[in-house]
Amino acid sequence: MKEIILCKLGEIVLKGLNRKSFEQKLLSNLRHSLYPLGNYRVWCAQSTVYVEAADENADMDAAYEAAKKVFGIIKLSRAAACEKDKDAITALAREYLHDALMSARSFKVETKRSDKRFPMTSIELSQYVGGELAEAYPHLRVDMHEPELIVNLEVRDVAAYVHTAAEDGAGGMPVGSNGVAVSLLSGGIDSPVSTYMIARRGVRLVPVHFFSFPYTSEAAKEKVIELARLLTPYCGKMCLLVVPFTHIQEEIRDKCPEEYFTLIMRRFMMRIAQAIAADQGARAIVTGENLGQVASQTMEAMASTQSVISLPVLQPLIGMDKEEIIRFARRIGTFETSILPYEDCCTVFTPRHPKTHPKLEEVARAESAMDVGALVAEALAGVERVQVGR
Ligand code: ATP
Ligand code: MG
C-alpha cells in the first residue's frame with residue numbers, strides 16, 4: 001500500500017498571478033525540511049502538495065511532523081492511494097483504516113471528486129463505500145451529524161485517496177515569499193514568538209542578538225543560538241548575527257543619566273538593526289515588544305526608540321497577554337529554553353527608576369555626550385555570524 005501526505009495550501013491559493021511562485025517557494029521549503037529525513041517525491045497539483053516516499057529509507061512519520069511546521073500549509077492528512085475504482089477504494093478503506101473502523105462506534109463517508117470524469121457523483125460514491133463498510137463492520141452505525149470517524153475519499157486526477165480527518169498545518173505563507181526582515185532575538189520568551197509570527201507571514205528573517213560579554217555569559221549566547229535553532233523547522237536555515245554590545249553599554253553607564261539607560265540602549269539596538277537591515281536587504285525590524293509590559297514598552301518609550309530609524313518596526317505581540325504569549329511559546333517549542341536562567345543585556349545596568357514617559361528631546365539630550373556614529377560602526381565591525389540549520 002502506497003502512503004502519501006496530502007498538504008492543502010492556505011492563503012497562497014488566493015494570490016492569483018503570484019500563485020506559481022508561491023507554490024515554488026513552498027515546495028522548495030518543504031523539500032528542504034524533508035531533506036535530512038530520507039528521500040521523498042514532492043509535487044503540487046490542484047492546490048495540494050503531495051509527499052510520497054521515494055525509497056524504503058523515507059520515514060513518513062517524521063515527514064508528516066516536519067510538514068506540519070512548514071508555513072503555507074493550512075491542513076494536512078496522511079492518505080493511501082489506489083486506482084479510481086469504487087471497489088478498489090472500498091478495499092483500500094478497509095485495509096488502511098481497519099484499526100480506526102474497529103475502534104469507532106459511528107462513522108460516515110465524505111467524498112471530494114475533483115476528477116469530474118469519474119462515473120459516480122460524490123454522494124453516490126460515499127453511499128456505495130459507506131454501505132460496504134457498514135456491512136463489513138456490523139458494529140458501526142452510520143451517523144451523518146456527529147460521527148466518531150469520518151472516512152474521507154478524494155477522487156483526483158491521477159488516483160483516488162482514502163484518509164481520516166485532516167489536521168491543522170502551520171498556516172501562513174511560505175517563508176521567502178514576502179521579503180526579508182531583521183528580528184531582534186533576546187533570550188526571553190517573547191522574541192522567539194515574534195520571530196515565528198513574522199516568519200509565518202512569509203518573511204525570511206535575519207535574527208540579531210546583542211551580546212554584552214562578560215556581563216552576559218557564553219551560556220546566554222548559547223541559549224540564543226539554541227532558540228534560533230529551534231525556530232529553523234519553521235523559519236528555515238538562518239544566519240544569527242551576534243553584535244558585541246559591551247562597549248556601548250559601558251559608555252551609556254559612564255556618560256548618560258541613569259533613568260535613561262534602557263531607552264538609550266534600545267535606540268542603539270535600533271540603529272544597529274537598521275544598518276544590518278540595509279546590508280541584508282531587509283525592509284523591517286521585528287521585536288517582541290508588548291504594550292505596557294516593561295518601562296521601555298510604553299507608547300512614549302517606543303516613540304523614542306523608533307524615532308532614530310526610518311524602517312517600520314513590526315511588533316506582532318503588541319496586544320497580547322503574557323499568558324497567551326507563553327501558550328504560544330510552549331506550542332512552538334521555545335518556552336523551556338527561554339526560561340533557562342541567563343542574563344540578557346537588558347538586565348545589565350538597569351536603572352532603579354527608568355523613565356516611562358520620556359520626551360524625545362530629553363532622550364536625545366541624555367545621549368548627547370556619546371559618539372553615536374563611532375559606537376555603532378565599532379559594533380557593526382565586530383559582528384559574529386552563526387549559521388543555524390542547514
Ligand atoms: P523577550 O522575552 O523577547 O526578551 P522582554 O519582554 O524581555 O522580551 P525587553 O527585554 O524589553 O522585553 O526587550 C524587548 C524586545 O527587544 C525583545 O522582545 C527583543 O525583540 C529585543 N531585545 C531585547 N534584548 C535583546 C538582545 N539582547 N538582543 C536582541 N534583541 C533584544
Ligand atoms: Mg528580554
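Both ligands and their constituent atoms are indexed starting at 1 by order of listing.
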K.L.:
Please check if any side-chain donor atom of E226 sits under 3.5 Å from a side-chain acceptor atom of T337, or the reverse.
P.N.:
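No, because no side-chain N or O of E226 sits under 3.5 Å from a partner of the opposite role on T337.
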
K.L.:
Between H163 and Y96, does the ring centroid distance fall short of 6.0 Å?
P.N.:
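Ring-ring flag for H163/Y96: false, centres at least 6.0 Å apart.
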
K.L.:
For H353 and E258, test the side chains for any donor-to-acceptor distance below 3.5 angstrom and give the result as yes or no.
P.N.:
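There is no such pair between these side chains.
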
K.L.:
Only heavy atoms of V208, strictly under 4.0 Å: list the atoms of ligand 1 that pass.
P.N.:
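Under 4.0 Å from V208, ligand 1 has these atoms: 29 (C).
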
K.L.:
Mark up the atoms of ligand 1 that fall under 4.0 Å of a heavy atom belonging to S296, in ascending order.
P.N.:
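That gives atoms 11 (O) of ligand 1.
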
K.L.:
Among K108, K112, R113, which residue satisfies the salt bridge (Lys or Arg N to Asp or Glu O under 4.0 Å) criterion with E110?
P.N.:
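Of all the options given, the one that passes is K108.
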
K.L.:
Please find the pair of heavy atoms, one from M320 and one from I325, that lie closest to each other, and give the distance.
P.N.:
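Smallest interatomic distance, heavy atoms only, reads CB-CG1, 3.8 Å.
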
K.L.:
Going by the order shown, which atoms of ligand 1 are within less than 4.0 Å of some heavy atom of I189?
P.N.:
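In order of numbering, the contacting atoms are 2 (O).
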
K.L.:
Polar contacts were defined as any N/O atom of the residue lying under 3.5 Å from an N/O atom of the ligand; does this apply to P192 and ligand 1?
P.N.:
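No; every N/O pair is 3.5 Å or more apart.
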
K.L.:
Nearest heavy atom to atom 2 (O) of ligand 1: which of N290, T195, D190, V182 does it belong to?
P.N.:
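When every heavy atom of N290, T195, D190, V182 is considered, D190 comes closest to atom 2 (O) of ligand 1.
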
K.L.:
For the 3.5 Å polar cut-off, considering only N or O atoms, please tell me whether G288 and ligand 1 meet it.
P.N.:
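Yes, G288 has an N/O under 3.5 Å of an N/O on ligand 1.
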
K.L.:
Below 3.5 angstrom, do we get any N/O pair linking K322 and ligand 1?
P.N.:
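Such a contact does not occur with ligand 1.
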
K.L.:
Examine V294 against ligand 1 and note whether any of their N/O atoms are separated by less than 3.5 Å.
P.N.:
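Looking only at distances, the answer is no, because the N/O contact criterion of under 3.5 Å is not met.
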
K.L.:
Got an N/O contact under 3.5 Å between T287 and ligand 1?
P.N.:
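No.
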
K.L.:
Quick one: do R266 and S304 satisfy side-chain hydrogen bond (donor to acceptor under 3.5 Å, both in side chains)? Show the steps, please.
P.N.:
CA-CA 9 Å; R266 298 197 62 76; S304 151; over 6 Å; no

K.L.:
Regarding R200 and the six-membered ring of Y234, is the cationic atom NZ or CZ under 6.0 Å from the ring centre and inside 45° of its axis?
P.N.:
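That pair does not qualify as a cation-pi contact.
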
K.L.:
Any side-chain donor paired with an acceptor under 3.5 Å for N57 and Y40?
P.N.:
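Distance-only check fails for N57 and Y40.
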
K.L.:
Say whether M269, considering both its backbone and side-chain N or O atoms, lies within less than 3.5 Å of an N or O atom on ligand 1.
P.N.:
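N/O-N/O distance below 3.5 Å does not exist for this pair.
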
K.L.:
Regarding K84 and the six-membered ring of F118, is the cationic atom NZ or CZ under 6.0 Å from the ring centre and inside 45° of its axis?
P.N.:
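That pair does not qualify as a cation-pi contact.
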
K.L.:
Which ligand 1 atoms are under 4.0 Å away from a heavy-atom of Q293?
P.N.:
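Taking each heavy atom of Q293 in turn, ligand 1 has 5 (P), 6 (O) under 4.0 Å.
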
K.L.:
Check ligand 1 against G188 and write out every atom of the ligand that is under 4.0 Å from a heavy-atom position of the residue.
P.N.:
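Every atom of ligand 1 under 4.0 Å from some heavy atom of G188: 1 (P), 2 (O), 4 (O).
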
K.L.:
By number and element, which atoms of ligand 1 are closer than 4.0 Å to a non-hydrogen atom of S191?
P.N.:
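So the answer, numbered in order with elements, is 1 (P), 3 (O), 18 (O), 19 (C), 20 (O).
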
